[in-house]
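Read the structure below first, then the notes.
Just so you know, these numbers come straight off a predicted model, no measurement behind them. The sequence lines fix the lettering, A, B, ..., with proteins before strands; numbering per chain opens at 1.
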2 protein chains.
Amino acid sequence: MDTQSSRRQATRAKLYEAAVTLIAEQGFSATTVDEIAERAGVAKGTVYYNFKSKTELFEELLRHGVGLLAASLREAADQTERQGGTRVEALDAMIRAGLVFIHRYPAFTQLYVAELWRTNRAWQSTLMVVRQEAVAVVEAVLTEAVNRGELSEEIDVPLTASALVGMVLVAALDWQAFQRERSLDDVHAALSRLLHGRVGGC
Amino acid sequence: MDTQSSRRQATRAKLYEAAVTLIAEQGFSATTVDEIAERAGVAKGTVYYNFKSKTELFEELLRHGVGLLAASLREAADQTERQGGTRVEALDAMIRAGLVFIHRYPAFTQLYVAELWRTNRAWQSTLMVVRQEAVAVVEAVLTEAVNRGELSEEIDVPLTASALVGMVLVAALDWQAFQRERSLDDVHAALSRLLHGRVGGC
DNA sequence: ATCTTTGAACTGACCAGTCAGTGCAAAAAG
DNA sequence: CTTTTTGCACTGACTGGTCAGTTCAAAGAT
């Protein structure tokens, strides 16, 4: 990577950073390009030099963010694998990785949740791709667990994956928004208990 | 109720109905008052005759919707109580009630999720109140379950409540958006299994 | 020499909120 | 019974402001 393009990378990173915060706080339509440029410490012209439009900036932001998340989930699953852990342990590790990600990028998560189920939006198809990328990682581990006999074959993989993702997503966002004082370990312990069936008993 | 005020009620209902769909699809800022009026089949002026502003219309919509949800959850819990069910059974009934509600009012749910964790918004305080109303019902049943010895005292009530709500919310929205063909019973069974610990096994 | 950024000016579409006026049903006056 | 008045509910053209996107000449970086 030459110095020119890394300079561009840096500018784009500043714009992502500014946009993600503002859009998480206010929503896409309520956020102006002037605001994004100002927060990024960059001229408005620079935004349009680096991105075709406001919408395209947002779409690339989504791709960029979910790429990080999926990588982090996969990393957690693989590491458990390498250490000879069970697939249920891998799920637990992924829950923690999810919490760490949300803790580090709360704005991105907020924005993702706010946009995911909207219909009729320009970036609808981008979101579908990006969602599948994340959910697929969870589904893969669930399927493996079933194949290895760690989990009952009666489990509904897609629905269970959704439910697990939702559990982590909502608990983490609530933690960030309304229960800041709790530690990551507290939150992880509560979710882990639910995963391992120590809530509703057996 | 005289003819005048029932006419107003009808107009307001039409406006709620129009607004909830449009805002769920497009978001608050991207939805114009002209669109809402047109979809409701009234003139723009009528919106401002019935509501102080676009924001106030939205806030009253939120209050109205969460009122319905909280009532429906409480109803499920109470009915289980009356039939002598355990508190864990009550939680299961509430999960189903939640799914039924989301199935009936998907647009409202979408919109609630999209706005809940936004900061710096005008209706922030309305949302806090409204969220508490719904979460409190779940927390109450969890606390009762702990008091009666049905659940371990080590359970973290607020976090577990968040996680349960998130599980239902995300699974239901994913069901509506991406897996329309599944039946309510399928979804309920998958969530119930998670609640009763038949996923991570004991 | 080439790539990237700046910043200010401009355009045209779009939109929240306003307001003078219409329609109508029920009450009051004749 | 008929006419007039009252005021609620609604209408839609209009206004003042905002914002995405464009343009471009000049400056800065490599």
State, to 0.1 Å, how close A:Ala163 and B:Leu194 come at their nearest heavy-atom pair, and which atoms those are.
-> CB-CD2, 3.7 Å
Are OP1 or OP2 of D:dC10 and a side-chain N or O of B:Thr11 less than 4.0 angstrom apart?
-> yes
Atom CZ of A:Arg148 with >12 non-hydrogen neighbours under 6.0 angstrom | yes
Proximity to the side chain of B:Thr32 - top-ranked nucleotide from D:dG21, C:dA16, D:dA29 = C:dA16
Touch check for A:Thr31, heavy atoms < 4.0 angstrom, all strands: base, sugar-phosphate only, or nothing?
-> sugar-phosphate
Which residues satisfy the ring pair (Phe, Tyr, Trp, His ring centres under 6.0 Å) test with B:Phe58, sequence neighbours excluded?
-> B:Phe28, B:Trp123
Mark yes when over 12 heavy atoms from residues, nucleotides or ligands other than A:Glu38 sit less than 6.0 Å from its CD; otherwise mark no.
-> no
Using salt bridge (Lys or Arg N to Asp or Glu O under 4.0 Å) as the criterion, point out the one residue from A:Glu60, A:Glu17, A:Glu56 that pairs with A:Arg12.
-> A:Glu60
Does CD in B:Gln124 sit with more than 12 non-hydrogen atoms of other residues, nucleotides or ligands closer than 6.0 Å?
-> yes
Taking DNA chain D as the partner, which of residues 40-52 of chain A come within under 4.0 angstrom of it by heavy atom?
-> A:Lys44, A:Tyr48
Protein-nucleotide distance (A:Arg7, atom CZ; D:dA27, atom C1'), rounded to Å | 11 Å
Rounded off to whole Å, could you give me the CD1-to-P distance for the B:Ile23 and C:dC15 pair?
-> 14 Å
Separation of A:Asn50 CG from A:Leu57 CG (nearest 0.5 Å) = 9.5 Å
For the pair made of CZ in B:Phe28 and C1' in C:dA16, what is the distance, rounded to whole Å?
-> 10 Å
Base, sugar-phosphate, or nothing for A:Thr55, non-hydrogen atoms under 4.0 angstrom?
-> nothing
Per-helix bend value, the helix from C:dA1-D:dT30 to C:dG30-D:dC1, C1' rotation axes over five pairs per end, 10° rounding, shows 20°
Heavy atom of residues 14-22 of chain A under 4.0 Å from DNA chain D: which residues?
-> none
Whole Å only: how far is the CG atom of B:Asp34 from the P atom of D:dT11?
-> 13 Å
Are B:His103 and B:Gln176 close enough that some pair of their side-chain heavy atoms sits under 4.5 Å apart?
-> yes
Quick check: does any side chain N or O of B:Ser72 sit under 3.5 Å from a backbone N or O of B:Leu68, one acting as donor and the other as acceptor?
-> no
Tell me, please, which residues at least two apart from B:Tyr16 pass ring pair (Phe, Tyr, Trp, His ring centres under 6.0 Å).
-> B:Phe51, B:His64
Sequence neighbours excluded, which residues qualify as ring pair (Phe, Tyr, Trp, His ring centres under 6.0 Å) partners of B:Phe101?
-> B:Tyr105
How long is the line joining CZ of B:Arg8 and C1' of D:dA9, in whole Å?
-> 8 Å
